[in-house]
Amino acid sequence: TMNDPAFVEASQALGRRLMCEGGQTVADRARWGLSLVLARPAEEAQVQELVKLYDPLFADYQEREKDAKQLATETLGPLPEGWAPAEAAAWTAVANVLLNLDAVLSKA
């Protein structure tokens with residue numbers, strides 16, 4: 001599911017929600033995202049794992065703006081004015097991980 005176009009688009013939408021509604025810090029956004037997808041309060045260890053995931057993603061996408069813009073916008077569309085592609089791409093990648101957690105996916 002991680003590279004499925006529907007999941008990528010859902011990850012873009014969730015990543016944007018994390019940026020808009022999740023709070024001001026990386027930890028706040030990670031905590032909010034976990035609570036949202038798991039429908040329960042996030043455990044601090046889970047939050048810290050997502051923070052450790054976000055930081056290098058953000059740094060990498062700052063160096064690769066074209067790739068960042070592609071991940072953050074194809075297929076959902078342009079970013080809101082003033083949004084940094086690297087930040088949006090990093091949150092898209094984190095959102096993709098959130099949507100692919102075992103506790104989120106239902107297995108038949």
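Atom set for the values below is all heavy atoms of this structure, side chains included, hydrogens, waters and symmetry mates excluded.
When all heavy atoms of Ala27 and Val47 are compared, the closest pair comes out as O-CG1, 3.6 Å. Of all non-hydrogen atoms in Leu57 and Ala93, the two that sit nearest each other are CD1-CB, 3.7 Å. For the residue pair Arg16 and Pro78, the shortest heavy atom distance occurs at NH1-O, 3.3 Å. Closest approach of Ala72 and Ala89 over heavy atoms only: CB-N, 3.8 Å.
For the pair Glu87 (side chain) and Phe58 (backbone), a donor-acceptor distance under 3.5 Å is absent. Looking at Arg29, its side chain does come within 3.5 Å of a backbone N or O of Met19 through a donor-acceptor pair.
Gln12 has its side chain within reach of Glu9: a pair of non-hydrogen atoms, C-beta onward, lies under 4.5 Å apart. Looking at Leu34 and Leu101, their side chains come closer than 4.5 Å, going by heavy atoms from C-beta outward. Residues Leu98 and Val104 form no side-chain contact, since every pair of their non-hydrogen atoms from C-beta on lies 4.5 Å or further apart. Side chains of Lys69 and Leu79 form no contact here, defined as non-hydrogen atoms less than 4.5 Å apart.
Residues Leu53 and Leu14 share a single hydrophobic cluster, defined by chaining ILVMFWY side chains whose heavy atoms lie under 4.5 Å apart.
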Practice item. Carefully, step by step, assess Glu44 and Arg31 under the rule salt bridge (Lys or Arg N to Asp or Glu O under 4.0 Å). Key: CA-CA 8 Å; Glu44 196 56 32; Arg31 186 174 294 104; 3.0 Å; yes
